[in-house]
Amino acid sequence: MLELASIVILGIFAQWLAWRFKVPAILPLILTGLAVGPFAPYWMPHEWLHGNDKWLNPIYGSEVGGLFPGDHLFHFVELAIGVILFEGGLTLKRNEIRSIGDIILKLISLGSAVTFFIAAIAAHYIVELSWPLSFLFSGLIIVTGPTVIAPILRNIPLKKNVANILKWEGILIDPIGALVAVLVYEFLASLAGDHSGHGDTSFTAGALKHFITLTLVGLSLGTMAAFAFREIVKRHWVPHYLLTVFTLAVVLVVFVGSGMIVADSGLLTIVVMGTVLANIDLPNMDEIMYFKESIAVLLISMLFILLAANITIADLQLLLNWRAAALFMAIILIVRPLGVFLSARGSNLTQNEKLFISWVGPRGIVAAGIASLFGSKLLQLNKQAIAEGKNIPFEGAEMITPLVFMIVLGTVLLNATTAGLVAKWLKVLVDKSNGVMIIGAHKATRLLADYLQKNGRNVVLVDSNRNNIEKAEGLGLTAFQVNVYNDDLADNSDLNDMGYLLAMTGSTEVNKYALGKYGSRFGENGSYRFISAEERKNENVNPQDGLFSDHDDYINFIEVARDYPHIYEVAVNSEEQYSELIEKLNEHESRIPLFVKDSEGYLHIMTSGEKKAAILEGSQLVYLGKELQTEVA
C-alpha cells in the first residue's frame with residue numbers, strides 16, 4: 001500500500017518542485033522515479049528494499065509480485081498515454097494554425113520532416129539501430145511539447161516573436177509528433193508480422209493492408225466519436241455535474257473500442273477525436289479542457305514515476321558509450337539547427353533569433369511516454385517471435401526507451417540551465433517592458449487598447465466575462481478570460497513584456513486587489529487604477545495611483561466612451577500650452593485626458609496626482625471624448 005500511495009505522493013511532490021523552482025515538470029518526475037527505482041540501492045537503507053533492487057518496483061511484464069504484475073502496467077501506460085494525447089488533440093485548433101504565420105507552419109511540417117529523416121540517419125549510422133527502429137526513434141523525438149517549453153518561456157523575457165514561435169511550435173507539434181510516432185510504430189508492428197502472419201521485417205501486402213486499415217479506422221472512428229459526443233452534450237443527455245467525468249469515460253470507451261476493432265488503433269483514434277472536438281462547436285469546452293488538464297497532470301505524475309522506476313541499471317548502462325553521446329550531440333547541434341534554419345528561410349527572423357530557436361528544443365512528456373510504451377511493445381513482439389520459433393524482428397529494441405529518455409533529460413537539463421545565458425548572449429531578450437495590461441475588457445477599455453496597439457504598444461486585456469473577451473479578440477486584441485481573485489497570470493509567458501498595469505473595472509475593490517496582486521509583476525513602470533466615487537467627491541483625497549485625472553472615475557469614463565467613442569490628438573509644444581489644454585479639457589466631463597505623446601511616439605500615461613508634464617517640441621496631448629476643435633469653433 002505504501003508503494004502504491006507513493007506513486008501519487010511523489011508525483012505531485014515532483015510537480016510542486018517543478019513549480020517552485022520553475023523547471024519543466026518532467027525533470028523532477030523522471031529524477032524522482034530513478035531515485036526510488038534503479039538508484040534506490042545506492043542511497044536507501046537495505047532494510048527498506050526488502051531484498052529487491054528497487055524501492056518502487058513496477059515489475060513490468062512479470063507475473064510475480066510488484067505493483068503491476070503481468071501486463072497490467074502495460075495497460076495502464078497505454079490508457080494514460082491515450083488520455084494525455086486526447087488532451088493534446090484538444091489544443092490543435094485550425095484557426096490558430098492559420099493565424100500563426102508561415103515560420104511556425106514550416107517548423108511543424110518541414111522542420112518535423114528534417115528531424116524525422118536526419119535523426120533516423122544519425123541513429124542508424126551512429127548507434128547502429130536498424131532502419132525501422134531508427135525511424136521510430138526519429139518519430140519519437142520530433143515532439144518538443146508545451147509542458148517543457150512553457151517554464152523556460154516564463155522565466156526568460158524573450159522578444160515576443162521568438163517566444164510565440166517556441167510556444168506555438170510546442171503546442172502544435174505535440175499531437176502531430178505523437179501521431180507520426182503512432183503511425184510509424186503501427187507500420188513497424190505490421191511489418192513484424194504481428195497481424196499479417198509473417199515473421200520477418202520485409203515489406204508485405206499484409207503489413208500495408210493492416211496499416212491502411214488502422215489509419216482508416218482511426219480517422220473515421222475518431223471523427224464519428226467526436227461528432228457523436230458533441231450531439232450528446234448539445235442535447236443535454238448528460239447532467240452538467242457528470243459532464244467532465246463522462247468525457248473521460250467516453251475517451252476510454254473509444255480508445256478500447258477502437259483497439260478491439262483493429263489492434264493498436266486506439267492512440268490514433270483518440271488523437272483524431274480530440275483534434276476534431278477542438279474544431280467544432282462543443283458546449284462547455286472550457287470546463288472539459290480544465291478537467292482534462294487536471295487529469296493529465298495526475299496521469300503524467302504517476303506515469304513518469306512508474307516509467308522511470310521501471311528502468312534498470314542494465315538499460316542505463318546501454319548509454320555508457322561514445323555512440324549515445326555522439327547521437328545526443330548530433331540531435332542538438334545538427335538536426336535541430338538544420339530544421340530551424342531551413343524552416344526560417346525567407347522569414348524576418350534575425351540570425352541570432354534563429355540560433356536561439358535552434359538551441360531551445362527540449363523534448364517532453366509525450367516523447368518519453370510513447371517511447372516507453374512502444375519500446376515495451378516491441379520487446380513483447382520480440383518475445384512473441386522467439387516463443388514461436390521465428391527470428392527476432394527488432395534487434396536493438398531495448399535501446400529505444402533509454403535513448404529517448406536520454407534525449408529528453410539531456411535537452412531539458414541543457415535548455416533549463418543555459419537558455420537564459422544564451423538568450424542574453426544572442427541579444428534576444430526584451431529591451432524594455434513597455435507592454436500594457438488592462439484589467440477589464442469592456443467597450444471603453446477596448447477603445448483604449450485599440451489606440452495603444454495602433455501606436456505600437458503590446459496590450460493585453462484581462463476580464464472574467466467571456467463576452468467581453470470575444471469582442472476584444474474580434475478587434476484583433478490579445479485578451480485573457482481570467483478571474484483576478486482565483487487565477488494566476490504570473491506564469492503566462494505571453495506577458496513577459498508587460499510594464500504598465502491599468503486596473504479599469506467598475507469595482508474599486510477589484511482594482512485595488514489587482515494592483516496589489518500583479519503590480520510588482522506587470523507594473524514595474526507604473527500601476528494605476530480608476531479613482532473611486534468617494535475619492536472623486538473628496539477634494540482632499542488624491543491617490544497617487546489614480547488614473548488619468550482626479551475627477552474621472554469608472555462611471556464617467558464609460559459614459560464618455562459611450563457618447564463620444566473617439567480618441568483625439570492635439571499638438572502641444574510648451575508646458576504653458578499643455579496647462580491651458582488641460583484646463584480646457586477639464587471644463588467639461590465629456591473629455592478625459594489620457595496620454596502625452598512625444599515626438600518619437602512614446603506615450604506617457606497621465607495620472608490623477610500629476611499636475612505638470614515635461615513637454616518637448618512635437619508633443620501631443622491625447623484625450624477621449626468630444627472633439628475640442630468643434631467646440632472652439
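Owing to the predicted nature of the structure, the values given are computational and were not obtained by experimental measurement.
Between the side chain of S265 and the backbone N or O of S258, at least one donor-acceptor pair lies under 3.5 Å. With hydrogens and angles ignored, the 3.5 Å screen pairs no side-chain donor or acceptor of H124 with any backbone N or O of S134. N352 places no side-chain N or O within 3.5 Å of a backbone atom of K427 that could act as its donor or acceptor partner. The backbone N or O of A324 sits less than 3.5 Å from a side-chain atom of N321, completing a donor-acceptor pair.
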Derivation of the side chain to side chain contact (heavy atoms under 4.5 Å, CB included) call for L140 and L403: CA-CA 10 Å; L140 289 166; L403 281 176; over 6 Å; no
Side chain to side chain contact (heavy atoms under 4.5 Å, CB included), that's the test. Do T350 and L355 meet it? Break it down for me. CA-CA 9 Å; T350 66; L355 286 171; over 6 Å; no
Going through the distances and angles, do R336 and T411 end up as a side chain to side chain contact (heavy atoms under 4.5 Å, CB included)? CA-CA 11 Å; R336 172 68 176 175; T411 54; over 6 Å; no
Between V8 and S301, does the side chain to side chain contact (heavy atoms under 4.5 Å, CB included) criterion hold? Intermediate values first, please. CA-CA 7 Å; V8 177; S301 302; over 6 Å; no
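Using a 4.0 Å cut-off between a side-chain N of Lys or Arg and a carboxylate O of Asp or Glu, E398 and K383 do not qualify as a salt bridge.
Atom-to-atom distance recorded for I311:CD1 and L306:CG is 11.5 Å, nearest 0.5 angstrom. Note that CD1 of I30 and CG of L409 are 4.5 Å apart. Values are rounded to the nearest 0.5 Å. Rounding to the nearest 0.5 Å gives a distance of 5.0 Å between CD1 of I332 and CH2 of W359. Atom CZ of residue R345 and atom NZ of residue K106 lie 8.5 Å apart, to the nearest 0.5 angstrom. Rounding to the nearest 0.5 angstrom, the gap separating the CG atom in L429 from the NZ atom in K424 is 8.5 Å. Rounding to the nearest 0.5 Å gives a distance of 11.5 Å between CG of L318 and CD1 of I400.
Across every non-hydrogen atom of I313 and P38, the tightest pair is CD1-O, 3.6 Å. In terms of heavy atoms, A119 sits closest to I141 at CB-CD1, 3.8 Å. Closest approach of P28 to L17, counting heavy atoms only: CB-CB, 4.5 Å. Between L303 and A80 the shortest heavy-atom distance is CD1-CB, 4.2 Å. Closest non-hydrogen pair, R323 versus I126, comes out as NH1-O, 2.7 Å. Closest heavy-atom contact between A18 and A25: CB-CA, 3.5 Å.
Side chains of L110 and L105 form no contact here, defined as non-hydrogen atoms less than 4.5 Å apart. Between I334 and M329 there is no side-chain heavy-atom pair separated by less than 4.5 Å. Counting heavy atoms from C-beta outward, T401 and F374 have side chains that stay 4.5 Å or more apart. At a threshold of 4.5 Å between non-hydrogen side-chain atoms, the residues F394 and L379 do not count as touching. The side-chain heavy atoms of M44 and F39, taken from C-beta on, include no pair separated by under 4.5 Å. The side-chain heavy atoms of N161 and E353, taken from C-beta on, include a pair separated by under 4.5 Å. Proximity of V360 to V422: side-chain heavy atoms (C-beta onward) are nowhere separated by under 4.5 Å. Residues V404 and R363 are not in side-chain contact: their nearest non-hydrogen atoms beyond the backbone lie 4.5 Å or more apart.
Ring geometry for W16 against F13 counts as parallel: the plane angle stays under 30°, on a 0 to 90° scale with 60° as the upper cut.
Applying the side chain to side chain donor-acceptor pair (under 3.5 Å) criterion to S138, with sequence neighbours excluded, gives no partner residue.
In this structure, W131 has its ring center at least 6.0 angstrom away from the ring center of F117.
For the side-chain contact (heavy atoms from CB on, under 4.5 Å) test with L221, the passing option among V272, I270, I261 is I261; the others fail. Evaluated for a side-chain contact (heavy atoms from CB on, under 4.5 Å) with F255, the options L79, T269, V83 yield exactly one hit, L79.
Contacts classified as ring-ring contact (aromatic ring centres under 6.0 Å, His included) and involving residues 300-356 (residues at least two apart or in different chains) are not found.
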